[in-house]
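Here is the structure we will look at.
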Amino acid sequence: MDKKTAIITGGGSGIGFACVEKFISENYQVVIIDYAVNGIDQKLSDANIPSSEVHIHQANVADFNELESIFNLLPDLRATALINCAGISPSTKPLHDYDVEEWKRCVDINLNGSFYASKLFAKQFIKNKLKEGSVINISSIMGKRGTPGHAVYSATKHAVLGLTKSMAQDYASMNLRVNAIGPGVIETPMTSSFLKDDAFQKFFLSKIPMQRAGKASEIANTAYFLCSSEASYLTGAYIPVDGGFLAV
Ligand code: NAP
């Protein structure tokens with residue numbers, strides 16, 4: 001099989017789906033792991049992506065056993081790229097208003113889900129004796145800054161950077177590179193309601209030097225670059241893709 005394989009969690013929507021489109025356009029086959037698989041066939045057909053290039057698996061990334069049973073089906077694909085994109089953003093509220101279960105759910109999905117998929121991917125990478133590979137963790141600008149009302153999201157996105165930097169060192173000698181992308185405000189289903197809100201536009205978009213939200217394809221292009229041989233000496237890095245937000 002001469003096509004490379006990329007595994008993309010959260011590949012059914014937003015940034016994850018844009019990664020599916022980009023990697024397919026670069027001659028990969030893709031494995032999508034997502035909660036929300038209904039409607040993906042239609043999206044693929046609308047994007048002119050042949051269903052034979054995409055393996056779709058429904059799973060909750062916060063459930064290690066579910067993920068493990070999917071990874072057990074994948075070794076023959078010899079995947080060289082993993083993009084940990086599945087994530088949630090709980091509603092805005094001060095810390096004392098979080099209930100404990102809501103906090104744990106966000107940690108389970110945004111942080112533990114990336115750990116589980118990375119662990120399973122790395123084991124398979126080693127077992128398959130692959131010569132090069134790449135893991136991309138999707139963090140956020142909130143992985144570098146605190147934001148009022150977003151304690152758990154920000155905490156998980158900071159934690160993803162710790163995961164990235166340590167994993168990068170665990171696997172550097174095997175040429176398995178691990179990097180994080182920090183998207184700014186990107187137009188996806190996750191942000192569609194904020195982006196329609198005038199107060200949010202005033203508060204947030206005015207702080208972005210490029211004065212616009214980003215597109216999911218702009219994150220996907222960066223993910224593809226990081227997985228490519230053009231980024232062969234790049235590991236343990238955080239790449240902001242945020243219209244200059246963190247430069248201010
Ligand atoms: P999105 O359109 O909501 O896509 C996220 C996908 O992940 C959805 O298909 C979602 O399914 C899936 N998902 C959520 N929880 C899951 C779970 N437990 N198991 C499996 N799949 C799950 O959001 P997005 O904006 O593309 O976000 C993708 C990533 O980028 C997230 O990690 C997010 O934190 C990060 N990010 C986004 C922005 C932004 O501005 N959009 C900025 C910085 C970082 P459901 O629809 O069923 O929940």
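The model shown is predicted, which means the values in this text are computed figures rather than measured ones.
A heavy-atom distance below 4.5 Å is not found between the side chains of Thr5 and Val30. Side-chain contact check for Val248 versus Pro209: some heavy-atom pair is nearer than 4.5 Å. Residues Thr92 and His150 meet the side-chain proximity criterion, which asks for heavy atoms closer than 4.5 Å. Residues Phe125 and Met174 form a side-chain contact, since some pair of their non-hydrogen atoms from C-beta on lies under 4.5 Å apart. Proximity of Ile83 to Ile7: side-chain heavy atoms (C-beta onward) are nowhere separated by under 4.5 Å. The shortest distance between side-chain heavy atoms of His57 and Ile32 does not fall below 4.5 Å.
With sequence neighbours left out, the salt bridge (charged side-chain N to carboxylate O under 4.0 Å, His left out) criterion links Arg78 to no other residue. Phe64 pairs by the side chain to side chain contact (heavy atoms under 4.5 Å, CB included) definition with Glu68, Tyr116, Lys119, Leu120, not counting sequence neighbours. Taking the ring pair (Phe, Tyr, Trp, His ring centres under 6.0 Å) definition, one finds that Phe121 meets it with nothing, sequence neighbours left out.
Applying the salt bridge (Lys or Arg N to Asp or Glu O under 4.0 Å) definition to pairs two or more places apart or across chains, those involving residues 26-45 are Lys22-Glu26. The stretch residues 213-229 participates, sequence neighbours left out, in these salt bridge (Lys or Arg N to Asp or Glu O under 4.0 Å) pairs: Arg212-Glu218. Residue pairs meeting the salt bridge (Lys or Arg N to Asp or Glu O under 4.0 Å) criterion with at least one partner in residues 99-109, sequence neighbours excluded, are Lys93-Glu102. Residues in residues 165-184 take part in no side-chain hydrogen bond (donor to acceptor under 3.5 Å, both in side chains) pair, two or more places apart or across chains. The side-chain hydrogen bond (donor to acceptor under 3.5 Å, both in side chains) pairs that include a residue from residues 229-241 number zero, where partners must be two or more places apart or lie in different chains. Among residues at least two apart or in separate chains, there is no side-chain hydrogen bond (donor to acceptor under 3.5 Å, both in side chains) pair with a member in residues 126-136.
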Pairs under 3.5 angstrom only: tabulate donor-acceptor contacts from the side chains of residues 46-54 to other protein residues two or more places apart or in another chain.
unit_1	atom_1	unit_2	atom_2	d
Asp46	OD1	Gln42	NE2	2.9
Glu53	OE1	Lys3	NZ	2.9

Could you pull out all donor-acceptor pairs under 3.5 Å where a side-chain atom in residues 8-18 meets a protein atom, sequence neighbours excluded?
unit_1	atom_1	unit_2	atom_2	d
Thr9	OG1	Cys85	N	2.9
Thr9	OG1	Ala86	N	3.1

Do any side-chain atoms of residues 151-159 form donor-acceptor pairs under 3.5 angstrom with protein atoms, and if so which ones, sequence neighbours left out?
unit_1	atom_1	unit_2	atom_2	d
Ser154	OG	Met142	O	2.9
Ser154	OG	Arg145	O	3.1
Thr156	OG1	Asn110	ND2	3.3
Thr156	OG1	Val152	O	3.3
Thr156	OG1	Tyr153	O	2.8
Lys157	NZ	Ile138	O	3.0
His158	ND1	Met142	O	3.2
His158	ND1	Gly143	O	3.4
His158	ND1	Ser154	O	2.9
His158	NE2	Gly143	O	3.3

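Tracing side-chain contacts under 4.5 Å through hydrophobic residues (I, L, V, M, F, W, Y), one reaches Leu176 starting from Leu77; they form part of the same cluster. Following chains of ILVMFWY side-chain contacts shorter than 4.5 Å, one cannot reach Leu74 starting from Phe23, and the two form parts of different hydrophobic clusters. A continuous path of Ile, Leu, Val, Met, Phe, Trp and Tyr side chains, each step under 4.5 Å between heavy atoms, connects Val20 with Ile181, placing both in one hydrophobic cluster. By the rule that hydrophobic residues join a cluster once side-chain heavy atoms approach within less than 4.5 Å of another member, Ile109 and Val107 end up as members of separate clusters. Grouping the Ile, Leu, Val, Met, Phe, Trp and Tyr side chains by contacts below 4.5 angstrom, directly or via other members, places Ile70 with Phe115.
Atom CD1 of Ile141 is separated from atom OG1 of Thr147 by 7.0 Å, given to the nearest 0.5 angstrom. For the atom pair Lys207 NZ and Asp242 CG, the distance stands at 14.0 Å (nearest 0.5 Å).
No side-chain donor-acceptor contact under 3.5 Å links Ser139 to the backbone of Val160.
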